[in-house]
Amino acid sequence: MDGPDLSDRTVLVTGSARGVGRELLLSTADRGAKTAVHYHMSADAAREVAAEAEERGAPETMTVQGDVTDPESVDGLFSAVEAELGSVDVLVNNVGDFAPAHWADIEFETWNRVLETNLNGTYLCSKRALPAMCEGDYGRIVNIGYASSGKGLVSPKNFPYFVAKAGVLMFTRMLAADTQNDPVTVNAISPYVVENSDEFPDELPQDRPANFEDLIAPLYFFLDPDSEYISGENIEVDGGWLPERV
């Protein structure tokens with residue numbers, strides 16, 4: 001898949017040791033970016049991704065550990081990336097736990113973890129990345145949302161996840177407005193069901209989940225230098241899913 005030239009750009013994708021984060025990170029390695037593979041607990045998996053990123057064209061790569069819900073940890077992980085690869089030019093806020101259970105059955109600790117990883121993590125990492133981005137000539141923040149969460153989609157099952165992702169999209173719009181005079185864009189990609197999802201509904205749009213390439217395409221679009229006037233937008237990668245259909 002063709003994409004923007006990311007040579008001399010440093011990319012940090014949170015939660016890139018596995019799943020969607022891994023594939024998004026590797027897609028930037030394909031375009032020549034220096035890549036930082038972030039992980040919390042999966043050190044071995046992160047090292048494997050870093051090795052593959054190098055094989056796929058990343059001129060420099062590293063792994064970096066951190067808890068995106070902790071301000072000191074976030075500062076530490078960014079400092080580590082800056083020391084080895086330079087300032088972060090592209091931040092993809094991918095980390096986000098979910099809890100596919102009825103809201104009344106979710107433990108309070110899990111409830112908080114879903115909110116913190118999705119919303120607080122996006123806030124903390126974006127806040128830490130922005131000063132250097134604003135001082136440069138190019139900055140891209142891409143947040144991972146969830147399809148239809150911006151429309152107030154709710155369900156008794158997995159409720160804190162919907163709340164958190166609605167907050168992520170609100171944060172995306174706010175931050176885009178707040179950086180409109182800076183060389184930074186802030187956008188979101190919101191999938192429905194992806195090929196690595198833990199659960200699949202009985203019916204899927206186009207009879208399939210989104211594949212990783214379906215998510216990489218809008219990522220490349222947002223990272224392209226020619227997309228500098230597009231900020232505060234959300235691309236839903238859902239195959240035409242309409243949750244309110246009757």
Side-chain angles (χ1 to χ4, degrees), residues 4 6 9-16 21 24-25 28 33 36 38 64 66-79 81-82 85-96 112 114-153 160-191 215 218-237:
L6 297 176
R9 302 298 187 191
T10 296
V11 175
L12 169 63
V13 179
T14 65
S16 45
L24 295 181
L25 185 284
T28 67
H38 165 259
V64 60
D67 180 355
V68 299
T69 70
D70 179 79
E72 291 186 4
S73 185
V74 168
D75 184 56
L77 76 88
F78 271 86
S79 294
V81 174
E82 291 162 351
L85 302 181
S87 298
V88 174
D89 301 296
V90 174
L91 168 66
V92 180
N93 286 304
N94 167 71
V95 166
N112 275 343
V114 172
L115 294 173
E116 289 173 352
T117 54
N118 284 282
L119 184 53
N120 291 1
T122 296
Y123 149 70
L124 288 171
C125 290
S126 299
K127 183 178 180 181
R128 179 60 175 77
L130 266 177
M133 287 185 179
C134 291
E135 291 177 1
D137 62 353
Y138 170 99
R140 297 288 188 270
I141 296 176
V142 179
N143 301 322
I144 303 302
Y146 182 75
S148 287
S149 59
K151 303 179 179 71
L153 175 69
Y161 184 75
F162 295 130
V163 171
K165 288 304 189 185
V168 166
L169 295 184
M170 293 176 68
F171 181 79
T172 300
R173 292 177 57 216
M174 179 281 296
L175 196 57
D178 201 38
T179 56
Q180 61 185 279
N181 296 319
D182 299 304
V184 177
T185 67
V186 187
N187 293 289
I189 300 170
S190 294
L215 302 179
L219 176 67
Y220 279 172
F221 173 71
F222 286 140
L223 301 190
D224 196 304
D226 290 339
S227 297
E228 65 180 0
Y229 202 68
I230 299 170
S231 193
E233 297 304 316
N234 174 42
I235 295 180
E236 295 196 349
V237 184

First locate atom CG of Leu24, then atom CD1 of Ile144, and finally report the distance between them rounded to the nearest 0.5 Å.
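CD1 of Ile144 is found 5.5 Å from CG of Leu24.
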
Under 3.5 Å: donor-acceptor pair, side chain of [X], backbone of [Y]:
{"X": "Asp89", "Y": "Gly139", "value": "no"}
{"X": "His38", "Y": "Leu12", "value": "no"}
{"X": "Ser73", "Y": "Asp70", "value": "no"}
{"X": "Thr14", "Y": "Val95", "value": "yes"}
{"X": "Glu135", "Y": "Ala132", "value": "no"}

request  = Could you give me the CA-CA distance, side-chain angles and deciding distance for Asn94 and Ser16, then say whether side-chain hydrogen bond (donor to acceptor under 3.5 Å, both in side chains) is met?
outcome  = CA-CA 8 Å; Asn94 167 71; Ser16 45; over 6 Å; no

So which heavy atom on Cys125 is nearest to which on Phe78, and how close?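 Looks like O-CZ, 3.4 Å.
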
Going by the rule side chain to side chain donor-acceptor pair (under 3.5 Å), which residues pair with [X] if we only count those two or more places apart in sequence or in a different chain?
{"X": "Asn118", "value": "Lys165"}
{"X": "Thr10", "value": "none"}
{"X": "Glu228", "value": "none"}
{"X": "Asp75", "value": "Arg128"}

| said: Is it true that Asn143 and Thr172 share a donor-acceptor pair across their side chains at a distance under 3.5 Å? | reply: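 Per modelled atom types, Thr172 and Asn143 side chains form a pair under 3.5 Å.
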
For Val88, which of Ile141, Leu130, Val81 qualifies under side chain to side chain contact (heavy atoms under 4.5 Å, CB included)?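 In the set Ile141, Leu130, Val81, the residue that makes a side chain to side chain contact (heavy atoms under 4.5 Å, CB included) with Val88 is Val81.
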
* Who passes salt bridge (Lys or Arg N to Asp or Glu O under 4.0 Å) against Asp226, sequence neighbours left out? ->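 Per chain and number, Asp226 pairs via salt bridge (Lys or Arg N to Asp or Glu O under 4.0 Å) with no residue.
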
Tell me every residue that passes salt bridge (Lys or Arg N to Asp or Glu O under 4.0 Å) with Lys151, counting only those two or more places apart in sequence or in another chain.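 Expected list: Glu236.
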
- prompt: Got a salt bridge between Arg9 and Asp224, using NZ or NE/NH1/NH2 to carboxylate O under 4.0 Å?
  reply: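 The answer is no: the pair does not qualify as a salt bridge.
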
